[in-house]
Amino acid sequence: MTGAFRSILLAGACAAALALPALADKAGNTLNVAFAAEPEPLDPYKIAGRQGLILARHVFDGLVYKDLDSGTFLPALAESWSRPEPMVLEFKLRQGVTFHNGAAFTADDVVYTLNTVTQPDYGTRYAISVDWIDHAEKVDDYTVRIHMAKPFAGAFEMLADALPIYPHEYFAEAGSEGMTRNPVGTGPYKLVSQEPGIRYELERFDDVYEGSPKAGATIDRIVVRTIPEMNTQYAELISGGLDWIWRIPPDQAEKLESRAQIVSGPIMRIAFINLAPVSAGGETPLADVRVRRAIQHAVNREAITRAFAGGASEVLKSFCNPAQVGCSQDVAQYDYDPEAARALLAEAGYADGFELPMVFAAMPRPVAEAVAADLAKVGITAQLDELQYAAGVGKWREEQVPAFFSNWGSYGVGDVAFLLSNFFGGGADDLVKDPELVDWLTTGDTSADPAERDAVYQQALAKIADEALVLPMYSFNVNYGLSPDLAFKPYPDEFARFWESSWK
Amino acid sequence: MAAPAYRRPLLYRVLGNTGVTLGGLVLLAAVAMALFAPWLAPQDPYAQDLTARVLPPFWHDRADPAHLLGTDHLGRDYLSRLIYGARVSLAVGLGVILVSGTIGITLGLAAGYFGGTVDMIVSFVVTTRLSLPIVLVALAAVALAGASLSTLIAVLGLLLWDRFAVVSRAAAQSLRSRDFVKGMRAIGAGHLRILFLELLPNMRGALIVVMTLEVANAILLEAALSFLGLGVRAPMASWGLMIAEGRENILFDPWLIALPGGLLCALVLAVNLLGDGLRDLTGGKAK
Amino acid sequence: MLVYLLRRLVVAFCVCLAVSVLSFALIFLAGDPAIAIAGSGGSARDAEAVRIAYGFDRPFAVQYLDWIGHVLTGDLGRSIYFNMPVTEIIGSRLPVTLVLGGLAFLAALAVALPLGILAALKPEGALDRAALLLAVTGQAVPSFWLGLMAIVVFGVWTGWVPISGLASWQGYILPVAVLAFSAMPAMMRITRSGMIEVLGSDYVRTARAKGLPAGQVILSHALRNAVLPLVSLAAVQLGVLLSGSIVIESVFAINGLGRLAWESLLRADLPVVQAIILILSAVYVLLTTAGDLLNAWLDPRIRGAG
């Protein structure tokens, strides 16, 4: 194998020598980044993919910035804030901030941006990010008020980088499309060239405002390329053509360890299997809570997590990521116990087992197969179907899928509000529509009192576990492959912060 | 062409043709592998062992003697899965030509025999089908019916009939004006009778060639669709699926895709050789 | 001739239309586009907003007519994913695929033509058998597997060519070779059988009897007639090459039209998918029509029968 690796190095050296001169490294103070998926156009209001959003956070700023280490909100474009009325947030804006195009930042930018993106016809991707805003109002050049449309506990989470501020004159003139062609923000890097979806080049913005939470970037230039084949990324990382890649599967990360710097970090995203107690086809074995509990006992989540997730991943004790606010661990636990599972199934009248159609989407196939193999051991024959996420979730909403194995990233936000309400808050993804759960979750999502929120979420999570409505699997972790010279710190929200990176 | 060869006894001619012999033997081996998989496979191809994942094959020093060709990413015995994989490839090949042959021959015969408007409609359908991306059809079918062996066979069967149609159309066209068909019409034989009792047997040779071609084609497409995640339902073992699953490991464990890929090539090669040989023996023309 | 030409063009147009209706319907069958566009973090509410914003709530026929109406006036629409005109996106991805497909086509031709001729000169000879074996192998090897193995051998083990991308001209070698290898067999075989047929025909025998040197006979008489079927096949093969690039582009990490088509399909970027299918089917239909016309022009008998 060492011979092969020498050849890889050789191949890499050839590739590097033949490739474009833009391929630099530490010496050229250029960070070469690769994503496997294409970044979307850089109007972050309209996109969902992490790749585009990461680039956007280097170009744009929000009113505030969330420091994940301390869990507090730091001033960014806003210097300070207050709540003069329960439904009004007032922000004092920072003075002396300039956009990449030289325009000065004022209240007009905030008001115009927010009032534009909250219009239904603007096409903002996630309703949850803007539907709490009624309108923004300019008080004076450096004071803005946001009038809320409804109480929302996640308001500040959204104001921190999920609602970036655009320069109003340029935005009014260029619109969303112009913004994506030539994004202009206040962030620590400016976009100097792009081939949409293929290649992006960012350059450090030297006039970044004083006091910016993203100030102090040391790397001059970031070149981002789309390289869909992971094996190609590994080879280029080993050869020095790349300095940063991510989402390396655990097996490969282990093998790359001796050839590159591997850093692993836990993230908000969790894997779970939704169990539908109702079915469009009428009768379903899953209507019986004993069957759902049997499923919980049947799956050896510990072994599956260790084999396929690896790294910092953990088996979930309740239906949320322990890193999220409100994620109570004090709920009913179901240990791996095939005997108990069989007993429960027999009690429910399924001693001979039954066939369970299970759809998995956006999950690795081996994990789904491992779950199916465990279920088979207690007599449940899982019919596995891999579907594209859209097709899978569409069938789930139509009650055609008894078991839906997928994952949820909570928009990278460390608060259970961004997870539970989607699945048990009475919306389309909620097939249970339990009035108690809906009531508790509504309280939790709107209350500003942390103690009250904790209490209702504890109640809700306990009930979800008692009723065994979800089989929580594990929290994800991300493996990053880095050049040996690069210092990089991963964060649980899956947003790479290259302005914090430096060369060792 | 080589006319004298036809006068020799059939078996002699078959054995004299290296392609047919070689292809036939490999195909026979594959069929045997598929039929006797439960007895041939050293282990249960579906038994997972999460503690023994991605073990290398015997020539590697880390190899486990219990798994001659190593294990896959779920710790399943690779040799056993390769043996069971022959079933999917052969079932796909056979199932697909049954479906596609029926459709293609019916349409082609009708077009060639009746001509005129029928011919025009059929050729329109053929061109439309040829312009439609297979991947899109497969994606829609999987979303509707779920990925499974029968979905796959149905999709490929509904797609791969064009060559059958073209060949049987041409054959029917050329036979239509022959005397014996005219004679049949004269004595009052019905169209269906002529089509299926007279025309069909007369183009056996050409159809056999197309058949082998399409079997090979279907096996390759199964692999390609499995590669794109549109193939058979897990945990079924299929060579194409195994290539797809091994793809992540190509840099570090290339044997994971080399083995099923090699078998796939051998099988398709055998079917092709057989087809070519049969064509020579029956005197059909390459299409 | 003009009538024949017009009739073929009308049929070609109808085929494109039928293909576009079918593919439009298939995309809706493959999953709700609104949910796909809302993305994997999208709630049902987000999907609903998308449905209304892009008019997916309208009846299917209305949506199709709206789309085809714009296409007929030359407007391919805007990509939902990239928020840009479809023509611009396709314009940026098409050249790579065309260059790749074109090079592979030329490479396949460069091998298939001489090999087919040489094989036909001595049927059943050693060269003929070798050529046949090569052809059969080419048909048997799945191109995605060949691509992956080529990467392992020539990229990883020997390091002769770069593993990925098209940053340098060496990057083209593997994908072109793999594509050409899959397209070559059919072209080689048809050249061979065409040559055998022509060489056995009366006028070649006459020419030979008149004492013309063999090389001249082959070049001036046989070849010209033998390439006729190759022309119509070549048209088909070029179309196959273009659509076959989906797999090859994903193996070799090339950002071309094939990958764009696949990714757009997965994210239900309807205007892009429709435009690509339309272009591909148009190219395919036009190439086959052109091949047929060329044959008809060269062989007047077909005109009457067509």
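Given the structure is predicted, the values throughout are model-derived calculations rather than measurements. In what follows, chains are A, B, ... by sequence order, proteins preceding strands, each numbered from 1.
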Please find the pair of heavy atoms, one from Ala36(A) and one from Arg259(C), that lie closest to each other, and give the distance.
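Smallest heavy-atom distance, with atoms named: O-NH2, 4.4 Å.
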Taking all heavy atoms of Thr226(A) and all of Asn255(C), pick out the closest pair and write down the distance.
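What the structure gives for the nearest pair is O-ND2, 3.7 Å.
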Asp43(A), part contacting chain C, at a heavy-atom distance under 4.5 Å:
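Contact with chain C: none, neither part.
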What part of Ser410(A) gets closer than 4.5 Å to chain C, counting heavy atoms only: side chain, backbone, both or neither?
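Neither; nothing under 4.5 Å.
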Atom pair CD1 (Ile254(C)) and CD1 (Ile227(A)), whose distance is rounded to the nearest 0.5 Å
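Rounded to the nearest 0.5 Å, the CD1-CD1 separation comes out at 12.5 Å.
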Met84(C) vs Pro41(A) side-chain heavy atoms within contact, under 4.5 Å
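Met84(C) does not reach Pro41(A) side chain to side chain.
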Thinking salt bridges, do Glu38(A) and Arg93(C) make one under a 4.0 Å N-O criterion?
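Looking at Glu38(A) and Arg93(C), the cut-off is met.
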Is it the side chain or the backbone of Glu263(C) that comes within 4.5 Å of chain A heavy atoms, both, or neither?
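The answer is the side chain of Glu263(C).
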Which residues share a side chain to side chain donor-acceptor pair (under 3.5 Å) with Lys433(A), sequence neighbours left out
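In terms of side chain to side chain donor-acceptor pair (under 3.5 Å), with neighbours along the sequence ignored, Lys433(A) is linked to no residue.
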Going by the rule side-chain contact (heavy atoms from CB on, under 4.5 Å), which residues pair with Val438(A) if we only count those two or more places apart in sequence or in a different chain?
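Once residues adjacent in sequence are excluded, the partners of Val438(A) under the side-chain contact (heavy atoms from CB on, under 4.5 Å) criterion are Asp430(A), Thr442(A).
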